[in-house]
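Working notes, beginning with the structure itself.
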Amino acid sequence: MANKREDYISWDEYFMGVAKLSGLRSKDPNTQVGCCIVSQDNKILSMGYNGLPSGCSDDEFPWQREGEDPLNTKYVYTVHSELNAILNYRGGSLEGAKLYVSLFPCNECAKAIIQSGIKEVIYDSNKYDGTTSVQASMRMFDAAGVRYHAYHRTERTVMIEL
Ligand SMILES: O=c1ccn([C@H]2C[C@H](O)[C@@H](COP(=O)(O)O)O2)c(=O)[nH]1
Ligand SMILES: [Zn+2]
C-alpha cells in the first residue's frame, strides 16, 4: 500500500495562501492586502481584500496615496481587508477565530478584530512596523489578549509565493 504524500503544505501555508490569493483581487496599485478568517478547528469562515465599498466604482475613486486634499487619496475610501473579511462573514459569531492577513493590521482593524472576538492574528508583512498605527494595534491586542505572530516563511513558502 502506498504511503501518504509527505510534502503537503501546512495549515498556516494553506490559510496564508488563501489570504494572499484574495489580495490579488485588490485594485490598490501600491498595496494589495488579503485576509482569511479561520475557525479554531481549521474551517475557513470568511475572506476579504482591501477595496472600495459596494457601489463605489474602482474607476471613479482615487487610488493616489498623496494629495493636498485627503478626498483625492484612497485612504478615506478603502475598506480594509480585515474589515471586509469580518463584514463578509454571514455566520454567527467569530468568537475565538484566527485571522490570517498579508499585512499587519492597522489600529482601526485591530479594534474590529478585538470587538469581533477574534483571538489570534497571523500576519506576513509588517512594513509599517514602528508607525503610530501599528504601535496602537499592538498595545490594544496586548491589552485585549489577542495573540499575534509573524507567518513563518520557509524556503518552500517562497516557492509557493503568490
Ligand atoms: O490594516 C490594514 C491597513 C491597510 N490596508 C490597506 C488600505 C490601503 O488600500 C492599503 C495601504 O496602502 P499603502 O499605499 O501601503 O499606504 O492597505 C488594509 O487592508 N488593512
Ligand atoms: Zn486596517
Side-chain angles (χ1 to χ4, degrees), residues 12-39 44-91 93-153 157 161-162:
D12 275 3
E13 285 171 317
Y14 176 40
F15 298 132
M16 188 60 80
V18 168
K20 290 192 158 191
L21 189 64
S22 304
L24 297 182
R25 280 287 302 159
S26 174
K27 301 0 175 250
D28 187 320
N30 190 59
T31 302
Q32 302 83 44
V33 191
C35 180
C36 176
I37 301 176
V38 181
S39 68
I44 293 175
L45 299 175
S46 188
M47 295 138 80
Y49 57 89
N50 55 323
L52 298 174
S54 305
C56 299
S57 165
D58 295 312
D59 301 308
E60 291 167 19
F61 278 75
W63 288 106
Q64 287 97 292
R65 306 184 75 233
E66 265 113 38
E68 271 301 296
D69 180 354
L71 289 171
N72 292 331
T73 74
K74 64 188 179 183
Y75 295 106
V76 291
Y77 305 111
T78 46
V79 183
H80 291 191
S81 73
E82 302 92 315
L83 187 57
N84 265 326
I86 289 167
L87 295 172
N88 287 339
Y89 182 53
R90 293 292 191 261
S93 159
L94 287 171
E95 188 62 39
K98 47 190 177 182
L99 181 141
Y100 289 77
V101 63
S102 56
L103 177 66
F104 192 89
C106 77
N107 61 299
E108 292 305 324
C109 288
K111 297 174 197 174
I113 288 165
I114 292 165
Q115 294 303 89
S116 64
I118 291 165
K119 289 290 182 274
E120 186 176 1
V121 172
I122 302 95
Y123 63 91
D124 189 27
S125 162
N126 192 3
K127 67 177 176 178
Y128 295 120
D129 194 15
T131 61
T132 301
S133 174
V134 167
Q135 289 181 67
S137 296
M138 291 182 172
R139 181 174 174 184
M140 290 186 283
F141 282 154
D142 291 343
V146 173
R147 298 185 308 281
Y148 51 92
H149 64 84
Y151 171 62
H152 298 302
R153 289 163 170 258
T157 307
E161 178 66 36
L162 284 164

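Both counts, for ligands and for their atoms, begin at 1 and track the order of listing.
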Revision key, fill the gap. Residue, atom and distance of the protein heavy atom nearest atom 2 (C) of ligand 1 read His80 ND1, 3.2 Å

Point to revise | For Glu82, the ligand 1 atoms whose distance to one of its heavy atoms is below 4.0 Å | key: 1 (O), 2 (C), 18 (C), 19 (O), 20 (N)

Exercise for review: For the residue pair Thr78 and Trp63, establish whether any side-chain heavy-atom pair is separated by less than 4.5 Å.
Suggested key: yes

Practice item. Do me a favour and list the nearest non-hydrogen protein atom to atom 11 (C) of ligand 1 with residue, atom name and distance? Key: Thr31 CB, 3.9 Å

Revision key, fill the gap. All heavy atoms of Glu82 vs all of Cys109, minimum pair found to be OE1-SG, 3.5 Å

Exercise for review: Quick one: look up the protein heavy atom nearest atom 12 (O) of ligand 1 and list residue, atom name and how far away it is.
Suggested key: Lys74 NZ, 3.2 Å

Point to revise | For the student: nearest non-hydrogen atoms of Leu52 and Val79, plus distance | key: C-CG2, 4.2 Å

Point to revise | Under 3.5 Å: donor-acceptor pair, side chain of Ser102, backbone of Gly34 | key: yes

Review point. Does Tyr75 come within less than 4.0 angstrom of ligand 1, counting non-hydrogen atoms of the residue?
Key: yes

**Study point:** Residue portion contacting ligand 1 (non-hydrogen atoms closer than 4.0 Å) for Cys109
**Key:** side chain

Check your understanding: Considering only the protein, which heavy-atom contact is closest to atom 9 (O) of ligand 1, and what is its distance?
Key -> Asp28 OD2, 2.7 Å

Practice item. Compute the shortest N/O to N/O distance between Pro105 and ligand 1 and return yes if it is under 3.5 Å, no if not. Key: no

Exercise for review: Check whether any side-chain heavy atom of Tyr148 lies under 4.5 Å from a side-chain heavy atom of Phe104, and answer yes or no.
Suggested key: yes

Review point. Hey, is Glu108 touching ligand 1 through its side chain, its backbone, both or neither, going by heavy atoms under 4.0 Å?
Key: neither

Review point. Backbone, side chain, both or neither: what part of Tyr128 comes under 4.0 angstrom of ligand 1, heavy atoms only?
Key: side chain

Review point. For Gln115, does the CD atom have more than 12 heavy-atom neighbours from other residues, nucleotides or ligands under 6.0 Å away?
Key: no

Exercise for review: Quick one: do Lys74 and Asn30 satisfy side chain to side chain contact (heavy atoms under 4.5 Å, CB included)? Show the steps, please.
Suggested key: CA-CA 11 Å; Lys74 64 188 179 183; Asn30 190 59; 3.8 Å; yes

Review point. How is the N/O/S atom of His80 that comes nearest to the Zn ion (ligand 2) named?
Key: ND1

Check your understanding: Is the backbone N or O of Arg25 less than 3.5 Å from a side-chain atom of Lys27, with the two atoms forming a donor-acceptor pair by type?
Key -> yes

Review point. Taking Ser81 for the side chain and Gly48 for the main chain, is one N or O donor matched with an acceptor at less than 3.5 Å?
Key: no

**Study point:** Proximal ligand 1 atoms for Asn30, defined as those under 4.0 Å from one of its heavy atoms
**Key:** 13 (P), 14 (O), 15 (O)

Revision key, fill the gap. Logged contact type for Arg65 with ligand 1, heavy-atom cut-off 4.0 Å, is side chain

Check your understanding: Looking at Val33, which atoms of ligand 1 are within less than 4.0 Å of one of its heavy atoms?
Key -> 5 (N), 6 (C), 17 (O), 18 (C), 19 (O)

Review point. Hey, does the side chain of Asn84 reach the backbone of Tyr49 with a donor-acceptor pair shorter than 3.5 angstrom?
Key: yes

Point to revise | Atom indices of ligand 1 within 4.0 angstrom of Cys106 heavy atoms, with elements | key: 1 (O), 2 (C), 3 (C)

Review point. At the Zn ion (ligand 2), what's the angle from Cys106 SG to Cys109 SG, rounded to 10 degrees?
Key: 120°

Point to revise | Which residue and heavy atom of the protein sit nearest atom 19 (O) of ligand 1, plus the separation | key: Ser81 N, 3.0 Å

Practice item. Return the minimal non-hydrogen interatomic distance between Thr31 and Asn50, and the atom names on each side. Key: O-ND2, 2.8 Å

